[in-house]
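Here it is, the structure in full.
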Amino acid sequence: MRIGVCIKQVPDTDAHPRIADSGDHIDDDDLSWVISSCDLCALEEALLLVEAVEEEEGGIDRPELVVFSLGPARVEEALRKALALGVDRAVHLEDAAFRGGDAMADGRALAAAVDREGCDLVLAGAQSDDLGQAATPAVIAGTLGRPYAWLVIAVELDAASRSVRAVRELEGGMNEVLRLELPAVLAVQAGINKPRFASLRGTLQARRKPLEKVDCAMLGVEPGQVGKAGARIETMAVRVPPTGGGGLRIAGDAAEAAAELLAHLEREALL
Amino acid sequence: MSRQEPLVWIVENVGSGPGSRETLVCAQLLGSDPRLARLDEDRLGPYSPGVFAKALGALIASGSRERKSRSTVVLLPHTYQVAEFAPRLALLLGAAYIPSISGVHRDGEGGLRFRRSILQARLEAEVRPRARTIVATVQSGAFSSDETPAPPRQVVEVCLPADMEPRPEREILGREAASAGGVDLAGAERIVTAGRGVGGADQVSVAADLAAALDAELGASRPVVDNGWLPREHQVGSSGHLVAPKLYVALGVSGSIQHLMGMSGSRVIVAVNTDPEAPIFSLAHYGIVGDLHDVAPALTGLLNERAGR
Ligand SMILES: Cc1cc2nc3c(=O)[nH]c(=O)nc-3n(C[C@H](O)[C@H](O)[C@H](O)COP(=O)(O)OP(=O)(O)OC[C@H]3O[C@@H](n4cnc5c(N)ncnc54)[C@H](O)[C@@H]3O)c2cc1C
């Protein structure tokens, strides 16, 4: 049994991104990069699944855990972090041909990579903190023709019947309970668990764990199918959305602003 | 429009919530005479992403073959179900996938440009499709019109293609209610909500104190709940409570679309946020740019003084 987790490295959303002079992307300089938050939950869930098997069967059929990420050299840091958390090995999809891809292009490349490793279960985050398209895991599933569920908030692995039980969020306060046969792809929603922090020991061990770099040729994908060439969308401009339309901005220090706000609320008979 | 209009489909998911009106308003910005494709479980069997994507994909592909020279735009409401199967639909059609659009226009050459939020609504992007077929999902609340748009003249029921196995790729074991709670948010007259900006479980009390002083219920954004700072029953938003109190005070809430879906109907909205560009301010009736750890205690102090507490 092998579990794959696909992670994306994204700009830290607490930092204020600067728009590049060209106006069509975010300035990469002085950004700090982190693992997208749902993807961290996917990693944690995979670690929990492995630990559950270890407890049950004395670690005999312990699934192997492989992490995948597509991106430039900086992505190695995210992969090392995953290794430090307890993942067994890492696959870095790094090729100039991967640059400028959209979810379709990146999903195809990642599908080839998880297929090459023979992953029985693939986990990924439900949507990334940067583009939030919620599409890459669906493309991986679609490309490989595997069962898929999005917005998963609980997973149980049943190795004996080669299936997973997954709970998926619906609108309106309902959940749906599903059974999917392996191999399958699950996109997990934030809140499914509380991601752990890496220990010092884990961080030291991570340096010696295998991290393989793979390119188009190794994955057997056509360069025209990935990256900018394979992308079906192109970002023409990014901008700060107009914040107009709001009501009254109350200025002053905290005490003044608080007093003024209360006067308004009083006038509106809200107190 | 002088250029050839695209063939526009709007997709309605029978029994799966609203959204068709907005997709119709959006469709009319793109071209005239959109076609409506209806997905119905009575016809297709129980929903699964693969089955719905394949059945709809077969219909769209045959429509596009009919009109070789035109591009095709498929518009769907951005519901959870659609967000699950629409990327697969785009993959099958070799289409451009543009999820949760909030606007559309034509560039100088008549090409389509779609607008969508990125980086948790901090920025918006303008996206150009690079394919003849476009699958786009429409963000809730993004398209409105005073006039009720004319219903599509052509309505097509989506069927399973003859060569397709109707076997769903996954089995539905059941449905269950997400954790119910004892917090009466839906009926509350006043709500004070703690966003991620409160900073930690040990600091939620700044919001709770203000809620107590205002005689309000305590709400939370999703990350506050996901991080375990408050129980799930406090959550406001598309995956939490839908609320419409007289007064809604958002402390350290950025104003994501999922949060706004749960509270935008509130009569008076107050936002306190350190970031003057936070999207919540465009909705707030009263906005204070400042640290909630200063402003909220100041409010609590004044209210308690008034009440003689
Ligand atoms: C399918 C789906 C369903 C979802 N459902 C929901 C839902 O039901 N409800 C929900 O809320 N979210 C939901 N989300 C998550 C949503 O996308 C956002 O991530 C979330 O709403 C952000 O919460 P926030 O505003 O508290 O945090 P952030 O976006 O991180 O914003 C924190 C804000 O606090 C401000 N801040 C920081 N420090 C201070 C300070 N000291 N004083 C004042 N301000 C400060 C920051 O400027 C920032 O604007 C859902 C997401 C998905 C994908």
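So you know, we letter chains A, B, ... as the sequences are listed, proteins then strands, and number each from 1.
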Tell me, side chain or backbone of A:Thr143 under 4.5 Å from chain B's heavy atoms, or both, or neither? both
Closer than 4.0 angstrom, basic N to acidic O: yes or no for A:Arg162 and A:Asp120? yes
Interchain contact, B:Ala95 with chain A, by part (heavy-atom threshold 4.5 Å): backbone
Look at B:Pro129, B:Pro49, B:Ser239, B:Pro99 and state which one has the largest set of heavy-atom pairs under 4.5 Å with chain A. B:Pro99
Select one option (side chain, backbone, both, neither) describing which atoms of A:Pro17 are under 4.5 Å from chain B's heavy atoms. side chain
In terms of heavy-atom pairs under 4.5 Å with chain A, the winner among B:Glu124, B:Gln120, B:His285 is B:Glu124
Bottom line for B:Leu299: the part with an atom under 4.5 Å from chain A's heavy atoms is both
Go through the atoms of B:Val268 and report whether side chain, backbone, both or neither lie under 4.5 Å from a heavy atom of chain A. side chain
Regarding A:Glu45 and A:Asn193, do their side chains bring together a donor and an acceptor under 3.5 Å, going by distance alone? yes
With a 4.5 angstrom heavy-atom cut-off, is it the side chain or the backbone of A:Ala259 that approaches chain B, or both, or neither? both
Contact part of A:Ala126 toward chain B, heavy-atom cut-off under 4.5 Å: side chain, backbone, both or neither? neither
Scan side-chain atoms only and decide if B:Ser48 and B:Glu169 contain a donor-acceptor pair under the 3.5 Å cut-off. yes
Using a strict cut-off of less than 4.0 Å between a Lys/Arg side-chain nitrogen and an Asp/Glu carboxylate oxygen, indicate whether B:Glu84 and B:Arg170 qualify as a salt bridge. yes
Looking at chain B, which one of A:Ala231, A:Pro195, A:Gly132 has the largest number of heavy-atom pairs inside 4.5 Å, strictly under? A:Ala231
Any chance the side chains of A:Glu260 and B:Tyr286 put a donor and an acceptor closer than 3.5 Å? no
Side chains of A:Thr235 and A:Asp24: is there a donor and an acceptor less than 3.5 Å apart? no
Residue selection (most heavy-atom pairs with chain B, distance under 4.5 Å) from A:Asp129, A:Leu180, A:Val10, A:Ile192: A:Asp129
By a 4.5 Å heavy-atom criterion (distance strictly below it), what part of B:Leu214 contacts chain A: side chain, backbone, both, or neither? side chain
Report which part of A:Met174 has an atom under 4.5 Å of a heavy atom belonging to chain B: side chain, backbone, both, or neither. both
Hey, what do you get for OG (B:Ser102) to CD (B:Gln139), rounding to the nearest 0.5 Å? 7.5 Å
Contact origin within A:Ile19 toward chain B - heavy atom pairs under 4.5 Å: side chain
Taken to the nearest 0.5 Å, the spacing of B:Thr133 OG1 from B:Leu89 CG works out to 9.5 Å
With respect to chain B, which residue among A:Met236, A:His25, A:Arg165 yields the maximal number of heavy-atom pairs within a distance under 4.5 Å? A:Met236
Measure A:Ala149 against the heavy atoms of chain B and call it side chain, backbone, both or neither at under 4.5 Å. both
Whatever's closer than 4.5 Å to a heavy atom in chain B on A:Leu151 counts as side chain
Below 4.5 Å from any heavy atom of chain B, which atoms of A:Ala134 appear? Answer side chain, backbone, both or neither. backbone
Of A:Leu262, A:Ile153, A:Asp102, A:Thr136, the largest count of non-hydrogen pairs under 4.5 angstrom with chain B goes to A:Leu262
Let's test your reading of the structure: which of A:Glu268, A:Glu234, A:Glu176 forms the most heavy-atom pairs below 4.5 Å with chain B? A:Glu234
Is the backbone of A:Glu222 close enough, under 3.5 Å, to the side chain of A:Gln225 for a donor and an acceptor to pair up by distance? no
Taking B:Arg222 first and then A:Glu169, would you say they form a salt bridge - that is, a charged N and a carboxylate O separated by under 4.0 Å? yes
For B:Leu303, is it the side chain, the backbone, both, or neither that has a heavy atom closer than 4.5 Å to a heavy atom of chain A? both
Please confirm whether the backbone N or O of B:Trp229 pairs with a side-chain atom of B:Asn227, one donor and one acceptor, at under 3.5 Å? no
Which bit of A:Val167 comes within less than 4.5 Å of chain B, counting heavy atoms only: side chain, backbone, both or neither? side chain
Which one of B:Glu189, B:Arg190, B:Arg115 has the most heavy-atom pairs closer than 4.5 Å to chain A? B:Arg190
Given the options A:Asp253, A:Val139, A:Leu271, which has more heavy-atom pairs under 4.5 Å with chain B than any of the others? A:Leu271
May I ask you to name which of B:Ala131, B:Gly290, B:Ala298, B:Gly174 has the most heavy-atom pairs under 4.5 Å with chain A? B:Gly174
Contact class of A:Gln127 relative to chain B, heavy atoms under 4.5 angstrom: side chain
Let me know if A:Arg146 has heavy atoms under 4.5 Å from chain B in its side chain, its backbone, both or neither. backbone
Do B:Pro231 and B:His234 have side-chain heavy atoms sitting under 4.5 Å apart? yes
Need one label for A:Leu261: side chain, backbone, both or neither, based on atoms under 4.5 Å from any heavy atom in chain B. side chain
Identify which of B:Ile118, B:Val127, B:Asp294, B:Leu123 forms the greatest number of heavy-atom pairs closer than 4.5 Å to chain A. B:Leu123
Please classify the contact of A:Glu266 with chain B as side chain, backbone, both or neither, using a heavy-atom distance under 4.5 Å. side chain
How far apart are the C-alpha atoms of B:Arg196 and B:Asp226, what are their side-chain angles, what is the distance that settles it, and do they pass the salt bridge (Lys or Arg N to Asp or Glu O under 4.0 Å) test? CA-CA 10 Å; B:Arg196 199 166 66 89; B:Asp226 286 345; over 6 Å; no
Output yes when A:Arg179 and A:Glu181 qualify as a salt bridge under the 4.0 Å nitrogen-oxygen rule, no when they do not. yes
Pick whichever of B:Ile288, B:Ile134, B:Ile280, B:Thr300 has the most heavy-atom pairs under 4.5 Å with chain A. B:Ile288
Please state whether the side chain, the backbone, both or neither of B:Ala121 comes within less than 4.5 Å of a heavy atom of chain A. backbone
Answer yes when A:Asp130 and A:Lys8 have at least one side-chain N-carboxylate O distance shorter than 4.0 Å, and no when they do not. yes
Using a 3.5 Å distance criterion without hydrogens, assess whether the side chain of B:Thr79 forms a donor-acceptor pair with backbone atoms of B:Val82. yes
Chain A contact via B:Val272 - which portion, at a heavy-atom distance below 4.5 Å: neither
Would you call A:Arg239 and B:Glu126 a salt bridge, using N to O less than 4.0 angstrom? yes
Does B:Gln235 use its side chain to pair, donor to acceptor, with the backbone of B:Val225 at less than 3.5 Å? no
For A:Glu44, is there an ion pair with A:Arg196 - N to carboxylate O distance below 4.0 angstrom? yes
Engaged part of B:Asp275 at the chain A interface, taking heavy atoms whose separation is under 4.5 Å: side chain
